[in-house]
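Since the structure comes first, as structure tokens, the remarks are kept for the end.
In what follows, chains are A, B, ... by sequence order, proteins preceding strands, each numbered from 1.
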Number of protein chains: 2
Amino acid sequence: MELEELNHAIVEFYEKLSSWEHDVVREKGLTLPQIHALEILGIHESMRMKELANWMGTTTGTLTVLIDRLEKKDYVRRCPHKTDRRSIIIELTDTGRQMFLEHDKLHMQLTETMVSDLTQEERECLHRCLNTMNKAF
Amino acid sequence: MELEELNHAIVEFYEKLSSWEHDVVREKGLTLPQIHALEILGIHESMRMKELANWMGTTTGTLTVLIDRLEKKDYVRRCPHKTDRRSIIIELTDTGRQMFLEHDKLHMQLTETMVSDLTQEERECLHRCLNTMNKAF
DNA sequence: ATTTTTTATTTGACACTCAAGTTTCATGGG
DNA sequence: CCCATGAAACTTGAGTGTCAAATAAAAAAT
């Protein structure tokens, strides 16, 4: 029974994060998959189409047109691969990196807000719990 | 600095939940918004189009065609409203309720898995933290 | 009784998703 | 070296979600 309540709290947390992300992204004139691509590129640096598709859990077919649109908005750049002429490296442009940093900052601010009513001890416990749970996937 | 790590753990948690949800739903031949509608109807019982749209954070225009498709798959049923002839009540069918219960069960199982390496004390702390954070939105 | 608001639907433009097919290139076996 | 196989990216078509704007019907307000 206790587990059910915990499950409920997790689901609610997930729903609220999803909704927040949706709203924040739309204000920037981007879609969820688009900002997701910028996040991955921002965190892991430049990578090939195939790699990015794997990180995003989608196909290169889907990604091609998504990158077309991000390129048109000048958030991202296609560069030739050094050694493999089949591959293409996707890089953030300066405006793309700035968009990533802004979004990252919003995430940080949200975390601060969410955590503001927790004690230091609770924060540490939460951190431990999340790390353990993230490994369990 | 500590807050940044906590933020990172939250984002990672969110990403993994999103990815899990995506995969699970696709196996059932449904889309994310479709299962979301079934979840809301399963938890809060029947409701009008407008109410459901509000719960889902979308417009009734979007919802109309989504409900069309769920109705075609016999997960959901349109019923006339008792007193307001403008309104339409959306109900889960038996197969729709079963789909909801199955999905709910999977969520529960995921929670069990995630939580399996936490002590009882940690689980209680996590529960407290999530409740506090959910209120802070 | 007339006007305004609410509710649902329809439609058009755009985006994401996948699968299937195409092109270009890399790699390994003959 | 040549060819077969596989890999990487692109293209296309069908289906779905998203929003805004327009429409129709009914309730609420004046």
Side-chain angles (χ1 to χ4, degrees), chain A residues 15 18-41 46-73 75-91, chain B residues 15 18-41 46-73 75-91:
Chain A
E15 292 290 337
S18 297
S19 164
W20 177 87
E21 185 90 7
H22 177 265
D23 293 345
V24 161
V25 163
R26 272 194 53 71
E27 275 179 18
K28 303 273 184 183
L30 291 173
T31 66
L32 230 61
Q34 284 172 0
I35 199 71
H36 194 195
L38 296 186
E39 279 181 319
I40 293 171
L41 291 171
S46 310
M47 60 178 69
R48 295 178 302 116
M49 290 290 287
K50 194 67 196 303
E51 293 177 280
L52 184 52
N54 286 341
W55 275 102
M56 293 182 65
T58 186
T59 61
T60 56
T62 298
L63 193 56
T64 293
V65 324
L66 190 149
I67 292 297
D68 284 345
R69 286 166 185 144
L70 284 179
E71 207 173 18
K72 202 163 294 173
K73 293 180 183 176
Y75 289 143
V76 123
R77 184 175 28 231
R78 281 177 162 97
C79 302
H81 190 284
K82 295 269 193 286
T83 63
D84 189 338
R85 282 194 297 168
R86 292 171 305 180
S87 299
I88 281 186
I89 301 291
I90 310 298
E91 281 182 6
Chain B
E15 291 290 335
S18 298
S19 165
W20 177 87
E21 185 90 8
H22 177 265
D23 293 345
V24 161
V25 163
R26 272 195 52 73
E27 275 180 18
K28 304 273 183 184
L30 292 172
T31 65
L32 232 62
Q34 285 171 0
I35 199 71
H36 194 195
L38 297 186
E39 280 180 319
I40 292 170
L41 292 171
S46 310
M47 60 178 69
R48 295 179 300 114
M49 290 290 288
K50 193 67 195 302
E51 292 177 280
L52 183 53
N54 286 341
W55 276 103
M56 293 182 65
T58 186
T59 61
T60 55
T62 298
L63 194 56
T64 293
V65 324
L66 190 149
I67 293 296
D68 285 344
R69 286 166 185 145
L70 284 180
E71 207 173 18
K72 201 164 293 172
K73 292 179 182 176
Y75 288 142
V76 122
R77 184 173 29 231
R78 280 178 163 98
C79 302
H81 191 284
K82 295 270 194 285
T83 62
D84 188 338
R85 285 193 295 168
R86 291 171 305 181
S87 299
I88 282 186
I89 301 292
I90 310 298
E91 280 182 5

Q.
If you count heavy atoms of other groups shown closer than 6.0 angstrom to CH2 of Trp20(A), is the number above 12?
A. yes

Q. For Asn54(A) and dA7(D), what is the distance between atoms CG and C1' respectively, to the nearest whole Å?
A. 13 Å

Q. Tell me: CE of Met47(A) to C1' of dA8(D), nearest whole Å?
A. 16 Å

Q) Roughly how far, to the nearest 0.5 Å, is OG1 of Thr62(B) from CE of Met56(B)? A) 9.0 Å

**Q.** Nucleotide dG6(D), atom C1' - distance to NZ of Lys50(A) in whole Å
**A.** 11 Å

Q.
Looking at Thr64(B) and Thr60(B), would you say the former's side chain and the latter's main chain have a donor-acceptor pair under 3.5 Å?
A. yes

Q.
Applying salt bridge (Lys or Arg N to Asp or Glu O under 4.0 Å), can you list everything that pairs with Arg69(A), at least two apart in sequence or on another chain?
A. none

Q. Do Leu41(A) and Glu91(A) come close enough that some side-chain heavy atom pair is under 4.5 Å?
A. no

Q.
Are Arg78(A) and Asp68(A) packed together at the side-chain level, in the sense that at least one heavy-atom pair is separated by less than 4.5 angstrom?
A. yes

Q.
Nearest whole Å is fine: how far is dA26(D) C1' from Arg48(B) CZ?
A. 13 Å

Q) Between Leu30(A) (CG) and dC16(C) (C1'), how many Å, whole number? A) 14 Å

Q. Going by heavy atoms in the side chains, are Thr58(B) and Leu66(B) under 4.5 Å from each other?
A. no

Q) For the side chain of Lys28(A) and the backbone of Ile35(A), is there at least one donor-acceptor N/O pair under 3.5 Å apart? A) no

**Q.** Contact residues, residues 75-90 of chain B to DNA chain C [heavy atom, < 4.0 Å]
**A.** Arg78(B), Arg86(B), Ser87(B), Ile88(B)

Q.
Are the side chains of Leu52(B) and Ile67(B) in contact, using a 4.5 Å heavy-atom criterion?
A. yes

Q: Provide, to the nearest angstrom, the distance between the CD atom belonging to Glu51(B) and the P atom belonging to dA8(C).
A: 8 Å

Q: Can you tell me the distance, in whole Å, between the CG atom of Asp68(A) and the C1' atom of dA15(C)?
A: 13 Å

Is there any protein nitrogen or oxygen under 3.5 Å from a nitrogen or oxygen in nucleotides 14-23 of chain D, and what are the pairs?
from, atom 1, to, atom 2, distance (Å)
dG17(D), OP1, Thr31(B), OG1, 2.7
dG17(D), OP1, Gln34(B), NE2, 3.1
dG17(D), OP2, Arg69(B), NH1, 2.8
dC19(D), OP2, Thr58(B), OG1, 2.9

Q.
Nearest whole Å is fine: how far is dT17(C) P from Asp23(B) CG?
A. 13 Å

